[in-house]
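Each remark here refers to the structure printed beneath this line.
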Amino acid sequence: MIAVQNLRVEFGPRVLFDDLSFAVQSKERISFAGHNGAGKSTLMKCIAGIIQQNGGEIVKPKGCEVGYLPQEGIHIKGISLFEETMKAFSGVKELQRLIEEKSEEFESLDPQDDRYMPLLEELGDLEFKLEESDPARIKPQVESVLKGLGFKGDDMDRDCAEFSGGWQMRIAMAKLFLQKPAVLLLDEPTNHLDFETQIWMENYLRAYPGAIILISHDRALLDTLTTRTIAFAKGRAEEYAGNYSFYETESAHRKEILKKQYASQQKEIAKTKEFINRFRAKASKASQAQSRLKQLEKMELIEIEDDDVYMDFRFPDPPASMHSVVKVEGASKSFGDKVIFPPFDLEFTKGEKIAIVGPNGAGKSTFCKLITDELDPSSGTIELGGKVLPSFFSQNHADELDPDKTVLETVEEVATREASASSRNILGCFLFRGDDVFKKIGILSGGERSRVALVRMLVKPANFLILDEPTNHLDMQSQAVLRNALANYPGTIVIVSHNRDFLDPLAERTIEFQPAQKPTIYHGNLSYYLSKKDEQKTAAKAAAKASPKKAPAPSGVADSSKAGGSRKEQRKREAEQRRIRKDKLAPLEKELTTAEEQIAEHEGVQATLTDLMNSPETIADGKKMQEATIAYNSASEKLEQAVSNWSDISEKIEQVNAELESA
């Protein structure tokens, strides 16, 4: 589908890639792996046509659409959410033109021609996309995707400018998912997503009909979705036929083999040199020595690259705090009329490791600012315990750094004497190596400044750490260093994060925030929390299915004392109203019940197919995976239609009720 051939990309004297070649096949799931700065995002931009390579070419078939989601930088305004998302279907005319063009080409081919079957499959995909672009089906598709990405019904008419940067990224993601380009390029798609949205996105991408190339530091997503990994390091690329965990294991195995081959070759070289030096002056052996010398010159030398230095970082020993670290009593927070959370009580104790989770906008970051005294509660009290020394990391702390200071100066000015001596090593753990520590803050990228702010927090003496999304700009190695350090930290930790692989081994208690609600406490780690949420959803569905549908209470009944008529006439009027209500509402309520049953049925089919696609047997069998994917797509379409139908019926019922009440 796409062929990268002999690609060369350079920035000034630095060569990112040279002679890079690989191919992307239809419906593949590929991840780009490697440290930050290895060139993954740059390569993705080259494939998307945003950056022009310095050499080589990227070959794409005519009509092959490539959709690209950047890490950040989306700013949309002056248009409603629904109208902006509908732009995903603006290419219908181009789709029709392509189908006509491909159909003419197909009709001229012999069935024995090698191009016959691929073109037939391509035509089928194009016609499927055109069918999905039917106006009658577009609205439920748009609503389904926006709902999956966390938008509410009353968001549809809001101007896009009202949404934050993270939500604007979701709008761009929704448009890409609805456009369904042949190749989908996603650069860190989970950065702005909460857990529920991440899970929805994973399920959506599993069933995606095109190829996907993914850059992510979310191991759970990479292991779940990808089946091929291309790893970049020091200008070279290596391919691995598996997900990220397979890549890690296989990469280590390859390095061990290469080291053995290198050692064996070095022994051979030493013996050859010894022979040459020993016999080159001896007439009877001179020709052999010369022959060995030529062999040595022609030998392709095995090179061993220096392994990246993996440094363990340990926090400075924190001073002891009292048992009660934070006590929240009747605290609430509102901004004007908007309630973030109502009054609630909560206590953190010495040595706890607590995860804070919930959808974006639920008040997680606000809560962190309350317990660090950056904000005041609207009611109640929040008190730190005796001898508690908090240290807070948030993404916006990066914007407060002095642009004229170097990275090293910025860290050393807050470090203890003990930590100051190892500041360069700690910075190395977070990707500032060599002369990078002498760069001015003002020339760093947003992600680099965020990492400096994180290191500043880590070297301060503190016994209470509050971390708000600490892994957003960290690669896998840096995440592992931080996670290991936090696991061994004797103080109290509160972590706001959506990174499942990072959070799960650390958290002992999980606190969920929901908009305008009291936080809910789960006495376990993230896996425990997610399992409990699944149980709650299952129980709620079962209760909804089991509970009988109650007819709406009669309304508009006249009071006998005011009606001026007899009791008999009143009962007659009430009976007439019940008859009218029954005649108009009963059929609609029956249709609503049927629609709800259909939704439950299609959701059940989706869940079964998701389990099937996750099974090792299906993952290992391409044909089974394809069949399961087709079935999942079909179930998704039926679910979208059922949800749309349910919505239409609900509106009719509301309209009938309004008419009866006003009668």
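Sequence positions, counted from 1, serve as the residue numbers for this chain. Below, each value reflects all heavy atoms present in this structure, side chains not excepted, and no hydrogens, waters or symmetry copies.
Minimum heavy-atom separation, T197 to L149: CG2-CA, 3.6 Å. Minimum heavy-atom separation, P377 to A331: CB-CB, 4.4 Å. Smallest separation of non-hydrogen atoms from T229 and G242: OG1-O, 2.8 Å. Closest of all the heavy-atom pairs between L205 and L186 is CD1-CD1, 3.8 Å.
Counting heavy atoms from C-beta outward, E196 and K533 have side chains that approach closer than 4.5 Å. Under the 4.5 Å side-chain criterion, counting only non-hydrogen atoms from C-beta, L222 is in contact with L214. Side-chain atoms of V357 and T510, non-hydrogen and from C-beta on, do get closer than 4.5 Å to each other.
With respect to R500 and D194, no salt bridge is recorded, no charged nitrogen being found less than 4.0 Å from a carboxylate O. Taking the charged nitrogens against the carboxylate oxygens, E162 and R158 do have a contact shorter than 4.0 Å, which makes a salt bridge. Ionic pairing of K364 and E512 is not present here: no N-O contact between side-chain nitrogen and carboxylate oxygen is shorter than 4.0 angstrom.
With F432 as the aromatic partner, R451 meets the cation-pi criteria of under 6.0 angstrom to the ring centre and within 45 degrees of the ring axis. Because its NZ or CZ atom is both nearer than 6.0 Å to the ring centre of F335 and within 45° of the ring axis, K333 counts as a cation-pi partner of that residue.
Remark: of the listed residues N484, N499, T471, D501, N499 is the sole one forming a side chain to side chain donor-acceptor pair (under 3.5 Å) with Q479. E188 pairs in a side chain to side chain donor-acceptor pair (under 3.5 Å) with only one of the listed residues (H217, K40, Q71), which is H217.
The salt bridge (Lys or Arg N to Asp or Glu O under 4.0 Å) search around E239 returns R228, not counting sequence neighbours.
Legend: ring pair (Phe, Tyr, Trp, His ring centres under 6.0 Å) pairs involving residues 447-467, not counting sequence neighbours: none detected.
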After noting the C-alpha distance and the side-chain angles of N243 and T226, does the key distance pass the side chain to side chain donor-acceptor pair (under 3.5 Å) rule?
CA-CA 5 Å; N243 62 14; T226 60; 5.9 Å; no

Evaluation steps, salt bridge (charged side-chain N to carboxylate O under 4.0 Å, His left out), between R219 and E248
CA-CA 11 Å; R219 180 192 293 269; E248 277 194 320; 2.8 Å; yes

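Residues F246 and Y240 keep their aromatic ring centres 6.0 Å or farther apart. Ring pair Y528/Y522: centre-to-centre distance not below 6.0 Å.
Under the 3.5 Å distance criterion, with hydrogens and angles disregarded, no donor-acceptor pair is assigned to the side chains of H498 and Q198.
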